[in-house]
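Quick notes on the structure that follows.
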Amino acid sequence: MEMVALGLYPSFQCLAKNCPSTCCAGWGILVDEKDYRRFLQLEPLWLRKDVLSNIREKDGKYFFINREGGRCAMLDKDGLCRIQRNTTEKALCNTCRKYPRLVRKSEGVLYLSMAASCPVVAEYLFRSTVVWMKSCKKEIGRPSSTSIWEKAEIGEIPVLENVWAVYQKSRDRAEEIFGQDRKIDLLYGCFEKMADGVLDIVLQHREGNRLLSFFQVLGQDASDKVGQFIRDTHPEWKVFKENYMVYRLLSRKIEFPDEQAISCYRQASGEIFLLRTIAFCAYAKGQRLTKERWAGLLCIVYRFCAHGKRVSKAFGGLLSSFFPEDCFWDYMLF
């Protein structure tokens, strides 16, 4: 079967105990029926009892309990999972075993991507030129399970064709309307608008509280810092913006294959504009925006925008009415 994979995918390795994030914190970890039956036979016995005592059934589905702060009950104080610590990755439930991988088969092609809420993925988007790889014929003498990869051009990826065309059209439209005349005061006003919209979502759904501390700086006029923020961050931002669109447009199509191309483009643009908003807030408070800091902020944004159907839907609603034309996204992401 032909495969198309994010450049990081073949070499990805979990940071495990060295990870600065706890990937499952705040999530309801679903345990499918097959995994639940397997847990009934899990060895050693003490671990089986531990696992089963921390699973609850709701509406015919099984979930791990979340403790205070949204932490899964199977996490130890150091952030490591007791199942993985005392067995192997294969013993994990499917939800945990596949994270941060995103997989979908479409028209005979297997697409493989990864979630940017994982710090390894987030840092890849800032440190590398993001590429997609396609599988090609295996070399003679290599094991049959070994795939050889080569770079795939965007135009060669069938499911990306329509949404990439929307992205390019938006860039051309922004250039046609605005040229190089970028208004800094408009950018600051849109930072405030994004913060207000996200605040409403957080208050309604009680998710994304980590974002609120960033927005406090906008309570006072910080518009005088926007120009320097743009100048100081422009080299990294220019590379990251293109990286993220290359990464996210296809990743979004993998997750939501029936989503309209314009909605996919709008979502990706809105996500990185929210990132730029909280990055500005951090900058305005005197924080240094290293690549590691950018990556950490991206993890926060991706968790808020992409994990959880209710919040993701609400965020999409915010984006759909944010600008009179979608080409404004490209204008504001200069």
Side-chain angles (χ1 to χ4, degrees), residues 2-7 9 100-117 121 125 129-134 151-178 190 193-194 197-198 201 238-276 298 301-302 304-334:
E2 182 181 352
M3 294 183 287
V4 173
L6 184 67
Y9 197 99
R101 301 166 184 87
L102 305 172
V103 180
R104 184 172 298 275
K105 182 180 178 182
S106 176
E107 299 181 356
V109 180
L110 188 64
Y111 293 95
L112 309 169
S113 187
M114 314 192 81
S117 48
V121 181
L125 298 180
T129 298
V130 170
V131 296
W132 289 91
M133 310 294 289
K134 62 180 180 179
K151 182 180 177 181
E153 298 299 328
I154 297 297
E156 298 175 351
I157 305 176
V159 300
L160 191 56
E161 183 178 356
N162 289 339
V163 69
W164 192 257
V166 167
Y167 174 42
Q168 298 289 354
K169 183 178 179 180
S170 178
R171 295 171 71 177
D172 293 342
R173 177 65 173 158
E175 184 67 26
E176 175 187 337
I177 295 176
F178 307 111
C190 288
K193 183 177 180 179
M194 177 60 76
V198 169
I201 294 174
K238 184 177 180 180
V239 172
F240 169 71
K241 176 199 169 184
E242 187 68 13
N243 268 353
Y244 195 78
M245 299 306 281
V246 169
Y247 153 75
R248 187 62 172 136
L249 293 179
L250 182 50
S251 295
R252 182 85 182 169
K253 293 299 291 183
I254 292 173
E255 294 180 273
F256 305 98
D258 298 325
E259 183 178 53
Q260 292 185 350
I262 187 63
S263 297
C264 181
Y265 162 71
R266 186 187 299 138
Q267 181 78 20
S269 299
E271 288 170 5
I272 54 174
F273 190 75
L274 175 56
L275 171 64
R276 202 177 197 191
L298 176 58
V301 167
Y302 192 93
F304 175 77
C305 297
H307 294 305
K309 292 182 179 179
R310 296 183 309 159
V311 171
S312 182
K313 183 178 180 180
F315 187 67
L318 166 65
L319 302 181
S320 66
S321 59
F322 203 88
F323 290 126
E325 284 191 59
D326 285 303
C327 66
F328 275 79
W329 288 114
D330 198 80
Y331 174 69
M332 288 298 166
L333 290 170
F334 67 94

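FYI, side chains are in, hydrogens and waters are out, and symmetry mates aren't considered; it's all heavy atoms of this structure. Each residue takes its place number in the sequence, starting with 1.
- Taken from CZ in R101 to CG in L112, the straight-line distance is 10.0 Å, to the nearest 0.5 Å.
- Ring pair Y244/F240 is tilted by interplanar angle, where 30° to 60° counts as tilted.
- Of all non-hydrogen atoms in S321 and K193, the two that sit nearest each other are O-NZ, 4.1 Å.
- Between F328 and Y331, the ring-plane angle classifies as perpendicular under the 30° and 60° cut-offs.
- When the side chain to side chain contact (heavy atoms under 4.5 Å, CB included) test is applied to E161, no partner is found at least two apart in sequence or on another chain.
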Determine, stepwise, if the pair E156 / W132 fulfils side chain to side chain contact (heavy atoms under 4.5 Å, CB included).
-> CA-CA 10 Å; E156 298 175 351; W132 289 91; over 6 Å; no
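- Remark: K241 engages D330 in a salt bridge (Lys or Arg N to Asp or Glu O under 4.0 Å) (not counting sequence neighbours).
- To the nearest 0.5 Å, the span separating CG on L125 from CG on L298 amounts to 6.0 Å.
- For S106, the side chain to side chain contact (heavy atoms under 4.5 Å, CB included) partners at least two apart in sequence or on another chain are Y111, V159.
- To the nearest 0.5 angstrom, W329 atom CH2 is 10.5 Å from S170 atom OG.
- Listed by chain and number, the residues in a side chain to side chain contact (heavy atoms under 4.5 Å, CB included) with V166 are A261, I262, Y265 (sequence neighbours excluded).
- Atom CZ in F322 sits 11.5 Å away from atom OG in S269 (nearest 0.5 Å).
- Across E242 and R171, no two heavy atoms sit closer than the pair OE1-NH1, 3.6 Å.
- Shown here is K238, whose NZ atom has no more than 12 heavy atoms of other residues, nucleotides or ligands within 6.0 Å.
- Under a 3.5 Å cut-off, the side chain of Y247 and the backbone N or O of M114 do form a donor-acceptor pair.
- Minimum interatomic distance between F323 and C190 (heavy atoms only, all atoms of both residues): CE2-SG, 3.6 Å.
- Considering all non-hydrogen atoms of both residues, Q267 and L319 come closest at CA-CD1, 3.7 Å.
- For the atom pair CE (M194) and CG (L274), the distance works out to 5.5 Å, reported to the nearest 0.5 Å.
- With rounding to the nearest 0.5 Å, the separation of CG in L102 from CG in L250 is 10.0 Å.
- Here E259 does not pair with R266 in a salt bridge; the nearest charged N to carboxylate O distance is not below 4.0 Å.
- Looking at every heavy atom in both residues, A268 comes nearest to L249 through CB-CD2, 3.9 Å.
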Please report the C-alpha distance between Y302 and V121 in whole Å, then the side-chain angles of each, then the deciding distance to 0.1 Å, and finally whether the side chain to side chain contact (heavy atoms under 4.5 Å, CB included) criterion is met.
-> CA-CA 11 Å; Y302 192 93; V121 181; over 6 Å; no
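- Checking side-chain atoms of K105 against main-chain N and O of V109 turns up no donor-acceptor pair under 3.5 Å.
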Test side chain to side chain contact (heavy atoms under 4.5 Å, CB included) on L160 and Y167 and set out the steps.
-> CA-CA 10 Å; L160 191 56; Y167 174 42; over 6 Å; no
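- For the pair R248 and F256, the cation does not sit on the ring face, since its NZ or CZ is not both under 6.0 Å from the ring centre and inside 45° of the axis.
- In this structure, E271 and R252 approach most closely via the heavy-atom pair OE2-NH1, 4.5 Å.
- A search for side chain to side chain contact (heavy atoms under 4.5 Å, CB included) contacts involving R173 returns E176, I177, E325, C327, not counting sequence neighbours.
- Here Q260 pairs with nothing under the side chain to side chain donor-acceptor pair (under 3.5 Å) rule; sequence neighbours left out.
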